[in-house]
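The residues of the chain are indexed from 1 along the displayed sequence. Please read these numbers as outputs of a predicted model, since none were measured by experiment.
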Amino acid sequence: MESKLQLHGFNNLTKSLSFNIYDICYAQTEEQREAYIDYIDEMYNAERLTQILTDVVKIIGANVLNIARQDYEPHGASVTMLIAEHELSSGESDNEESPGPLPDTIVAHLDKSHVTVHTYPESHPHDGVSTFRADIDVSTCGLISPLKVLNYLIHSFDSDVVTVDYRVRGFTRDVDGTKHYIDHDINSIQNYLTEDTQNAYQMIDVNVYQENLFHTKMMLKNFNLDNYVFGVNASDLDTQEAQSIEDRLRREMLEIFYSRNVE
């Protein structure tokens with residue numbers, strides 16, 4: 001949009017961001033797998049997740065109205081926040097297709113919306129591979145795009161594979177009564193990521209522009225086995241075992257990235 005839309009009443013568009021991260025780990029023994037899951041539960045318990053979402057709310061200039069959070073047995077946690085935002089004091093929206101802060105204050109207009117996070121620690125005795133998944137949803141109504149929180153979220157988790165979905169739903173009317181189904185230009189979710197993030201990940205887009213649907217997959221480029229083995233040091237493994245573990249981990253990442261099993 002080259003100029004700011006002059007709307008009739010409120011901006012009724014709903015902008016929804018779904019952000020999924022996967023952390024991959026190798027834990028060979030049952031004891032190591034249990035220790036990994038316990039570590040994830042401690043690192044990303046409901047209290048820590050509440051702080052992350054609170055920072056997300058600050059980035060989009062909102063106020064927290066209500067918090068519901070829960071640590072589950074035996075594993076996992078969830079946090080949901082109902083939020084409300086202020087109007088832009090500058091009279092301008094911040095929908096420019098550019099990276100958001102890490103973090104900073106952005107003020108937008110929103111009546112009521114929500115942010116949620118759910119965690120899914122998972123392990124399986126086959127091949128010693130364990131996976132942690134966190135799903136975060138940010139839904140806003142108003143001027144600002146929730147894509148502005150992406151940089152903060154990616155830096156808040158150890159993300160080996162990331163999938164991001166963004167959709168603008170509904171419509172809003174301008175002063176002449178014309179309906180608008182999106183209020184900002186967007187070519188790719190990648191344009192909302194900082195240069196260091198873009199350089200760190202292999203990325204592909206699957207976008208349906210006419211439906212205002214945007215999808216980006218990301219997979220970490222650099223692989224250091226020391227960052228993936230849990231309970232042992234990579235230097236203590238013999239060359240053949242280390243290569244076998246690396247092959248299993250890379251296969252796991254590729255399968256998640258492409259959403260299909262590799263034969």
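Using cut-offs of 30° and 60° on the angle between ring planes, the pair Phe230 and Tyr36 is perpendicular.
A donor-acceptor pair is defined here as one N or O able to donate and one able to accept, closer than 3.5 Å; such a pair exists between the side chain of Lys217 and the backbone of Phe257. At least one donor-acceptor pair under 3.5 Å links the side chain of Thr119 to the backbone N or O of Ala77. At distances below 3.5 Å, not a single donor-acceptor pair connects side-chain atoms of Asn233 with backbone N or O atoms of Asp236. Judged by distance alone, the side chain of Glu246 and the main-chain N or O of Ala242 form no donor-acceptor pair under 3.5 Å. Distance alone, capped at 3.5 Å, is enough to place a donor-acceptor pair between the Ser156 side chain and the Tyr152 backbone. Here the side chain of Ser159 pairs no donor or acceptor atom with the backbone of Val162 at under 3.5 angstrom. Remark: the backbone N or O of Ile136 is not paired with any side-chain donor or acceptor of Asn20 at under 3.5 angstrom. In terms of modelled atom types and a separation under 3.5 Å, the side chain of Arg48 and the main chain of Met43 share a donor-acceptor contact. The backbone N or O of Tyr192 sits less than 3.5 Å from a side-chain atom of Asn151, completing a donor-acceptor pair.
Salt bridge Arg133/Asp135: present, at least one basic N to carboxylate O contact under 4.0 Å. With respect to the salt-bridge test (charged N to carboxylate O, under 4.0 angstrom), the residues Arg251 and Glu255 qualify.
Using a 4.5 Å cut-off between side-chain heavy atoms of Ile, Leu, Val, Met, Phe, Trp and Tyr, with links allowed through other members, Phe171 and Tyr209 fall into different hydrophobic clusters. Hydrophobic clustering keeps Ile40 apart from Tyr72 (ILVMFWY residues linked when any side-chain heavy atoms are closer than 4.5 Å, directly or through intermediates). Put simply, Leu220 and Tyr258 are part of the same group of oily side chains (I, L, V, M, F, W, Y) that touch within less than 4.5 Å, one to the next. Placement of Ile204 and Leu193 within a single hydrophobic cluster is found when ILVMFWY residues are connected by side-chain heavy-atom separations under 4.5 Å, directly or transitively.
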| field | Full working for side chain to side chain contact (heavy atoms under 4.5 Å, CB included) between Arg167 and His215 | value | CA-CA 9 Å; Arg167 181 181 183 185; His215 176 75; over 6 Å; no
| message | As a quick check of understanding, evaluate side-chain hydrogen bond (donor to acceptor under 3.5 Å, both in side chains) for Asn212 and Tyr181, giving each step before the final call. | response | CA-CA 8 Å; Asn212 296 321; Tyr181 298 91; over 6 Å; no
| request: Could you go through the side chain to side chain contact (heavy atoms under 4.5 Å, CB included) check for Phe19 and Asp165 one step at a time? | output: CA-CA 7 Å; Phe19 171 87; Asp165 293 285; over 6 Å; no
| field | Full working for side-chain hydrogen bond (donor to acceptor under 3.5 Å, both in side chains) between Asp196 and Thr194 | value | CA-CA 6 Å; Asp196 67 314; Thr194 54; 2.4 Å; yes
| task | Kindly indicate, with the supporting measurements, whether the criterion side chain to side chain contact (heavy atoms under 4.5 Å, CB included) is fulfilled by Ile60 and Thr140. | result | CA-CA 9 Å; Ile60 60 176; Thr140 66; 3.9 Å; yes
| Intermediate values then yes/no, side chain to side chain contact (heavy atoms under 4.5 Å, CB included), Thr131 and Asp23 | CA-CA 6 Å; Thr131 304; Asp23 176 68; over 6 Å; no
| query | Are His118 and Ser78 close enough, and set up right, to give a side-chain hydrogen bond (donor to acceptor under 3.5 Å, both in side chains), and what steps lead you there? | reply | CA-CA 4 Å; His118 306 283; Ser78 295; 2.7 Å; yes
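Here the CG atom belonging to Asp38 is positioned 13.0 Å from the CZ atom belonging to Arg33, to the nearest 0.5 angstrom. Separation of atoms CD (Gln198) and OG (Ser188) is listed at 8.0 Å; rounding is to 0.5 Å. Within the model, atoms CD1 of Ile245 and CD of Gln28 stand 6.5 Å from one another, a figure rounded to the nearest 0.5 Å. Here the CG atom belonging to Leu153 is positioned 9.5 Å from the CG atom belonging to Asp55, to the nearest 0.5 angstrom. The structure places NE2 of His180 at 9.5 Å from CG of Leu13, a figure rounded to the nearest 0.5 Å. Atoms CG and CD1, on Asp41 and Ile37 in that order, are 7.0 Å from each other to the nearest 0.5 Å.
What you find for Asn63 and Val57 is that their closest heavy atoms are N-CG1, 4.0 Å. Summarising the geometry of Ile256 relative to Val161, their closest heavy-atom pair is CG2-CG1, 3.8 Å, with the distance given to 0.1 Å. Taking both residues in full, the closest heavy atoms of Ala46 and Thr50 are given as O-OG1, 2.7 Å, listed atom of the first, atom of the second, then distance. Taking all atoms of both residues into account, the shortest heavy-atom contact from Ile83 to His114 is CG1-N, 4.0 Å.
By the neighbour-count criterion of 12 heavy atoms within 6.0 Å, atom CG of Asp226 is densely surrounded, having more than that number from other residues, nucleotides or ligands. By the neighbour-count criterion of 12 heavy atoms within 6.0 Å, atom CD of Glu31 is sparsely surrounded, having that number or fewer from other residues, nucleotides or ligands.
If you run ring pair (Phe, Tyr, Trp, His ring centres under 6.0 Å) between Phe132 and each of Tyr120, Tyr44, Tyr39, only Tyr44 comes through. Residue Val149 is tested with Ile59, Ile154, Leu53, Val115 for a side-chain contact (heavy atoms from CB on, under 4.5 Å); the sole match is Ile59.
Annotation: cation-pi geometry satisfied between Arg250 and Phe223 (NZ/CZ under 6.0 angstrom from ring centroid, within 45° of ring axis).
Side-chain contact between Thr54 and Met81 is present, with heavy atoms from C-beta onward closer than 4.5 Å. Contact annotation: the side chain of Arg69 approaches that of Glu47 to within less than 4.5 Å [non-hydrogen atoms, C-beta and beyond]. Looking only at side-chain heavy atoms (C-beta outward), Thr197 and Met218 come within less than 4.5 Å of each other. For the pair Asn191/Ile186, no side-chain contact is recorded, criterion being any heavy-atom separation below 4.5 Å from C-beta on. Put simply, the side chain of His184 reaches to within 4.5 Å of the side chain of Val168, judged on heavy atoms. Counting heavy atoms from C-beta on, the side chains of Asp205 and Gln190 come closer than 4.5 Å. Between Leu17 and Val164, some side-chain heavy-atom pair lies under the 4.5 Å cut-off. When side chains are defined from C-beta on, Leu150 counts as touching Ile189, because their heavy atoms get closer than 4.5 Å.
Checking Ser244 against Arg248 by side-chain atom types alone, a donor-acceptor pair falls below 3.5 Å.
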